[in-house]
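Comments concern the structure below.
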Amino acid sequence: MEDKQLVEAARRAGILDSFINMTDDVETVSDDTRAALLAAMGRDLSGVPDVTPVPPVKVFTQGKKVLLTPEVTGVFTWQLTLENGSHKQGEIQAGKVLNLGAALPAGYHQLTLAQNDNVWTCRIIVVPPRCYEPQALLEGKKLWGATVQLYTLRSENNWGVGDFGDLKKMVEEVGKRGGAFVGLNPIHSLYPANPQSASPYSPSSRRWLNLTYIDVNAVEEFAASSAAQTWWNSIETHDALLQARSTDYVDYSLVMALKSVALKLAWPLFCELTEDSPRKQDFRRFVELGGDSLRQQALFDALHVHLRDLDLGQWGWPVWPQAYRDAQSTDVAQFSERYASEIEFYQWQQWLAHTQFSECYQHSIELKMPIGLYRDLAVGVAQGGAETWSDPALYCLKATIGAPPDILGPQGQNWGLPPIDPHEMKARAYQPFIDLLRANMADCGALRIDHVMGLLRLWWIPADQEAGNGAYVRYPLEDLLGVLALESQRHECMVIGEDLGTVPKEIVASLRNSGVYSYKVLYFEHDKNFVYRPPQDYVSQAMATVTTHDLPTLRGYWEGGDLTLGASLGVYPDPQVLEKLRGERENSKQGLLNALHLTQCVPKSTSRIAEGMPMTPLINSGLQRYLAGSASALLGLQPEDWLDMDLPVNVPGTNTEYPNWRRKLTRMLEDMFGDEHIDALLADLNQRRQA
């Protein structure tokens, strides 16, 4: 193939020609990268896509005319079936404009064209102009809440990892103090067979829940089962539970072993319930609504555990015996029949998780919290999980996503997550995206979308290549934002887009106009001279936070502990980069201290020189007060800063070097909310948000 043909084929596939590199120069994507990514998409390099009279999907904004022009030749009969079942029909000549008017209601409608014996369909999606916004925000109120990594919570009742029982308690305590929400790390399903794979941002599936978070003591069958209670009251269980609770880092293997035994002992009692019992009926409805997606998730988990116990592939399906790598294979079907009860057992666990999570959200409604819970949607799924196994055609498994090289990561980042094929998603009329939103907008008042730039473009890396040898691949931004707005309105779930880092100009206005709230982190809100943005100048359509899961706590930032830790773990191999970062940190601290004095968030007697100044309760609370005064509609605070903790939950650029996603809070929930100093801080912050 000639280079020109390759370039054109790549452009048609949405592979961008170039990108801005770490030295702010335009770098052209190599031909090798183009060819590898086209191959990963399974694209025909030599041909042009087939022309059909209508595309598989078209998205229109509500109130604007719905116009389509059928291509090819001849006369077509057409029928438009609205979502409510009503329809209208007619004839249209190819090349003529089919005007379906401007009065179509928001929703999913179906246009069918026929000519002779051929039929073509086009999903017509009519979308609202903006995402849902809670009434409190429309009234100009400034809301605040706690953002937590659920697994970090300690309590008198949990089994060594935060659970949905703890979440319910957290909701109650935050709500009682005037908080509007509790924000969560992704709670997507992970791996019962491989509990050490604990990153919430590398899930097995984004449509189902993490079974680790089930509050076993709240399960009716566990409390009622004599076998389960005998096990629960044994010395061995007591000792194991004590060990799981006492560690400073979550011991996922021990926790999952305990919960697995407990739920297996409780399961027979549920099976004995009559089919007309309310719990059994509710479970059956859940299974029916979950459909094939739920069954495939449960089948994957059951098979994964089975093969793990045979020592035949703990990591994931790409290392399973060949016969089980295809979810549609005969061997998988035979396993499904033989182990039907085990599959139902995992469906039951998903039901338990969903029921308990829903109860947390309902509790927030009872407390009249304007948002209640907000969930976090990870940017992708792991290569070896249930979602790629169940639907490999949706993913380009010969590529992964990440980030190009930058100053902090000169080698780039490879997140190990296979990208969704934008062409396949469009061919399916965006149904995979719709299903994903529906699963994650259930039982919450807000959804945070991690790496929201992925709605416009993602950095694709060919398999077995370095992160720098990639290219950006374009996604249908305006269409996806429209679907996002439609599902947001239907679920009454607002949307927050994590838009940190380099944000392409073309997405900024689109996100704002679509009602997606921005994400503003205190550490980054300064100019090149480290003069910090005054609180009143913060973007109003935004959520302001001190930090994120990838950044240090207030104490860690102020003391530079993250830089020292990163250096010890090999994150900064270049001493000059580390020296530069340390210098910038000192300038940042001085800028923050200046800002605290300007806004009177610390006493006048506080020193005005940051160098050598230790982190103190006055500086800690002052920084949180500073952000509480911001014009941003939402404020997210983390318990780690209330507790003056230093260690992060995650160190980007590390895998086994640091116990990521395991570090717990230093105090129990009961103790934390019983602390008069924390109570006084939250009362002050609540008052500042209302002022």
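Quantities reported herein were computed from a predicted structural model and do not represent experimental measurements.
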Please tell me whether [X] and [Y] have a donor and an acceptor in their side chains that are separated by less than 3.5 angstrom.
X: W231; Y: S225; result: no
X: S336; Y: R295; result: yes
X: N194; Y: W315; result: no
X: S253; Y: Q196; result: yes
X: N660; Y: T654; result: yes

Take the angle between the ring planes of W267 and F283 and call it parallel below 30°, perpendicular above 60°, tilted in between.
perpendicular
Specify whether W208 and F286 have parallel, tilted or perpendicular ring planes, treating 30° as the upper limit for parallel and 60° as the lower limit for perpendicular.
perpendicular
Can you tell me how far [atom2] of [Y] sits from [atom1] of [X], rounded to the nearest 0.5 angstrom?
X: L458; Y: T400; atom1: CG; atom2: OG1; result: 11.0 Å
X: S199; Y: N655; atom1: OG; atom2: CG; result: 9.5 Å
X: H491; Y: R438; atom1: NE2; atom2: CZ; result: 7.0 Å
X: L373; Y: L167; atom1: CG; atom2: CG; result: 5.5 Å
X: L437; Y: L447; atom1: CG; atom2: CG; result: 7.0 Å

Partners of [X] by side chain to side chain donor-acceptor pair (under 3.5 Å), sequence neighbours excluded?
X: E221; result: R279
X: T274; result: D276
X: S358; result: D443
X: Y151; result: Q149

Among Y346, Y324, F335, ring pair (Phe, Tyr, Trp, His ring centres under 6.0 Å) partner for H306:
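Exactly one pass, corresponding to F335.
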What's the verdict on side chain to side chain contact (heavy atoms under 4.5 Å, CB included) for I401 and H451, showing C-alpha distance, side-chain angles and the deciding distance?
CA-CA 11 Å; I401 59 175; H451 196 68; over 6 Å; no
So do the side chains of [X] and [Y] get within less than 4.5 Å of each other, counting heavy atoms only?
X: Q349; Y: L263; answer: yes
X: L258; Y: V216; answer: no
X: D562; Y: L551; answer: no
X: Y519; Y: V521; answer: yes

Any sub-3.5 Å donor-acceptor pair from [X]'s side-chain atoms to [Y]'s backbone N or O?
X: T355; Y: W351; value: yes
X: T553; Y: M645; value: yes
X: K259; Y: I214; value: yes
X: S260; Y: A257; value: no
X: K664; Y: V250; value: no
X: T152; Y: L665; value: no
X: D251; Y: G160; value: no
X: E670; Y: S155; value: no
X: T147; Y: G183; value: no
X: N158; Y: D166; value: no

Is it true that, when you exclude [X] itself, more than 12 heavy atoms of the residues, nucleotides or ligands shown sit nearer than 6.0 Å to its [atom1]?
X: E288; atom1: CD; answer: no
X: E156; atom1: CD; answer: no
X: K280; atom1: NZ; answer: yes
X: I235; atom1: CD1; answer: no

Are [X] and [Y] ion-paired here, with the side-chain N under 4.0 Å from a carboxylate O?
X: R667; Y: D675; value: yes
X: E640; Y: R663; value: yes
X: D282; Y: R285; value: yes
X: R154; Y: D248; value: yes

Quick one: ring-ring contact (aromatic ring centres under 6.0 Å, His included) pairs with a partner in residues 235-258, sequence neighbours left out?
none
Minimum heavy-atom distance between [X] and [Y], given as atom pair plus value:
X: A378; Y: H188; result: N-NE2, 3.1 Å
X: E657; Y: L569; result: O-CD2, 3.4 Å
X: D215; Y: G165; result: OD2-CA, 3.5 Å
X: M256; Y: P195; result: CG-CB, 3.7 Å
X: L299; Y: I343; result: CD1-CD1, 3.6 Å
X: Q297; Y: S205; result: OE1-CB, 3.1 Å

Please walk me through it: do D239 and Q243 pass side chain to side chain donor-acceptor pair (under 3.5 Å)?
CA-CA 6 Å; D239 289 347; Q243 180 184 340; over 6 Å; no
Checking [X] now: which residues fulfil salt bridge (charged side-chain N to carboxylate O under 4.0 Å, His left out) with it, not counting sequence neighbours?
X: E492; result: none
X: D376; result: R448
X: D646; result: none

All pairs passing salt bridge (Lys or Arg N to Asp or Glu O under 4.0 Å) where [range] contributes a residue, at least two apart:
range: residues 301-325; result: none
range: residues 382-394; result: D391-R428
range: residues 330-354; result: R284-E344

Going by ring-ring contact (aromatic ring centres under 6.0 Å, His included), name the residues that satisfy it together with W320, two or more places apart in sequence or in a different chain.
F300, H304, W389
Centroid-centroid distance, W415 to Y201, less than 6.0 Å:
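Not under 6.0 Å, so no.
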I want to check a possible cation-pi pair here: R177 against F673, using under 6.0 Å from ring centre and within 45° of the ring axis as the test.
no
